[in-house]
Structures are given as structure tokens and as C-alpha cells.
Amino acid sequence: QVQLVESGGGSVQPGGSLRLSCAASGSFFSIDAMGWYRQAPGKQRELVADISSGGSTNYLDSVKGRFTISRDTAKNTVSLQMNALKPEDTAVYYCNTRVRIRYYMSPLSYWGQGTQVTVSS
């Protein structure tokens, strides 16, 4: 019912920048929060940043001041601008959305397929 298509990612040197984008499509009533998670090898998946339907944002402490999340509500897209990247930012990044399929239903969580971000010299 809901499809998430991610784009962006890749390899960059420390200090470089990348931009991730995610587009949601399908049949649903509304999207609540949208966000990005990441998972490095051997580590648990963690929230990097999210943004509510009202535009409130939340960031992982280690990315504050370097990453910026934005959202186009009309297009059902969410982006993550990543600047001043560090080797420790290397991970698979996953788009996540919380979607109400019908107005009377509780939001459900959907995940993108993941995109690799590698920061290395």
C-alpha cells in the first residue's frame, strides 16, 4: 500500500557532503512523521533525524549542526542533507515514514530499502 523509494548515498571523503531523498507513494490518507535511520555493521539501527507533519525536527546528537532534514508535504518526500561527513557516519541509511492508511487508523511504520553511505579517505 505504501512504497518508499530512496535516492542519493554513495561514497565521499571526510568533510564532504551527500544528500539523501525519499519519496512515498501509494494509497493512504496521510503521512505523520518522516525520518531517516542508519545502521552500521554490528550496531543497532538508530534514529538520525525525523520531522513531524508540522515541521518539528529531531536529530541524533552526533549529527546536530551537520545534517538537515527537510520535507515536502505536497510531494510526500523527505530529504537529508549531510555535511561535514565523518567516517563514523558510514552506515546504511533507511527512510522511515509513519502513515495513516485511513483517517480512523493508527499510523503504521514503513521502511525504504536502504542506501549505503560510506565516508572514507
Side-chain angles (χ1 to χ4, degrees):
Q1 288 175 311
V2 179
Q3 296 80 41
L4 300 179
V5 177
E6 300 167 352
S7 60
S11 296
V12 66
Q13 292 185 340
S17 298
L18 287 172
R19 184 177 180 86
L20 305 180
S21 295
C22 175
S25 63
S27 177
F28 49 85
F29 174 72
S30 67
I31 296 178
D32 290 358
M34 303 184 80
W36 292 92
Y37 287 70
R38 69 186 182 189
Q39 187 167 20
K43 295 187 177 181
Q44 290 188 332
R45 190 172 297 189
E46 62 181 355
L47 174 66
V48 177
D50 63 11
I51 182 167
S52 71
S53 57
S56 298
T57 58
N58 179 45
Y59 292 94
L60 180 68
D61 282 346
S62 63
V63 308
K64 287 180 179 178
R66 300 188 297 122
F67 292 9
T68 302
I69 191 169
S70 59
R71 176 175 176 173
D72 186 329
T73 303
K75 296 182 179 180
N76 294 324
T77 60
V78 62
S79 296
L80 185 68
Q81 178 65 43
M82 304 184 293
N83 298 328
L85 282 160
K86 303 176 180 180
E88 51 264 43
D89 294 318
T90 296
V92 177
Y93 284 69
Y94 296 90
C95 175
N96 175 266
T97 65
R98 291 181 59 77
V99 177
R100 293 180 186 269
I101 302 300
R102 298 290 182 267
Y103 72 92
Y104 51 83
M105 295 175 66
S106 298
L108 299 175
S109 184
Y110 291 86
W111 295 90
Q113 77 279 8
T115 185
Q116 178 70 45
V117 171
T118 301
V119 185
S120 174
S121 55

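Rounded to the nearest 0.5 Å, atoms CH2 (Trp111) and CZ (Arg45) are 4.5 Å apart. A distance of 8.5 Å separates NZ of Lys43 from CD of Glu88, quoted to the nearest 0.5 Å. Rounding to the nearest 0.5 Å gives a distance of 8.5 Å between CG of Leu20 and CZ of Phe67. The distance from the CZ atom of Arg66 to the CG atom of Asp89 is 4.0 Å, given to the nearest 0.5 Å. The line from OG of Ser27 to CD of Gln3 is 9.5 Å long, rounded to the nearest 0.5 Å. Between the CG atom in Leu47 and the CH2 atom in Trp36 there is a gap of 12.5 Å [rounded to 0.5 Å].
In summary, the side chains of Asn83 and Ser17 do present a donor paired with an acceptor at a separation below 3.5 Å, with no hydrogens or angles considered.
A donor-acceptor pair under 3.5 Å is absent between the side-chain atoms of Thr97 and the main chain of Val99, judged by distance alone. At distances below 3.5 Å, at least one donor-acceptor pair connects side-chain atoms of Glu6 with backbone N or O atoms of Gly114. Judged purely by atom type and a 3.5 angstrom limit, Asn96 uses its side chain to pair as donor or acceptor with the backbone of Tyr110. Between the Arg71 side chain and the Val78 main chain, no donor and acceptor come within less than 3.5 Å of each other. Remark: side-chain polar atoms of Ser121 are not paired, donor with acceptor, to backbone N or O of Gln13 under 3.5 angstrom.
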Could you check Phe29 against Met105 for side-chain contact (heavy atoms from CB on, under 4.5 Å), going step by step and ending with a plain yes or no? CA-CA 9 Å; Phe29 174 72; Met105 295 175 66; over 6 Å; no
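Counting heavy atoms from C-beta on, the side chains of Arg38 and Leu60 come closer than 4.5 Å. At a threshold of 4.5 Å between non-hydrogen side-chain atoms, the residues Val2 and Ile101 count as touching. Residues Pro107 and Arg100 meet the side-chain proximity criterion, which asks for heavy atoms closer than 4.5 Å. Contact annotation: the side chain of Gln116 never approaches that of Ser11 to less than 4.5 Å [non-hydrogen atoms, C-beta and beyond]. Contact check for Ser70 versus Gln81: no side-chain heavy atoms found under the 4.5 Å cut-off.
In this structure, Leu4 is not a member of the same hydrophobic cluster as Val92, with clusters built from ILVMFWY side-chain heavy atoms closer than 4.5 Å. No continuous path of hydrophobic side-chain contacts links Leu80 to Tyr37 [ILVMFWY only; heavy atoms under 4.5 Å]. In terms of hydrophobic clustering, with Ile, Leu, Val, Met, Phe, Trp and Tyr side chains grouped at heavy-atom distances under 4.5 Å, Ile51 and Val63 are assigned to a common cluster. When hydrophobic clusters are built by joining Ile, Leu, Val, Met, Phe, Trp and Tyr residues whose side-chain heavy atoms come closer than 4.5 Å, directly or via intermediates, Val48 is not grouped with Tyr94.
Between Lys64 and Asp61, at least one side-chain N (NZ, or NE/NH1/NH2) sits under 4.0 Å from a carboxylate O, which counts as a salt bridge.
Scanning both residues, Ala24 and Ile31, for their nearest heavy atoms gives CB-CD1, 3.8 Å. Taking every heavy atom of both residues into account, Gln113 and Val5 meet most closely at OE1-CA, 4.4 Å. Listed here is the closest heavy atom pair of Ser79 and Ser21: OG-OG, 3.3 Å.
The number of heavy-atom neighbours closer than 6.0 Å to CD of Gln44, taken from other residues, nucleotides and ligands shown, is 12 or below.
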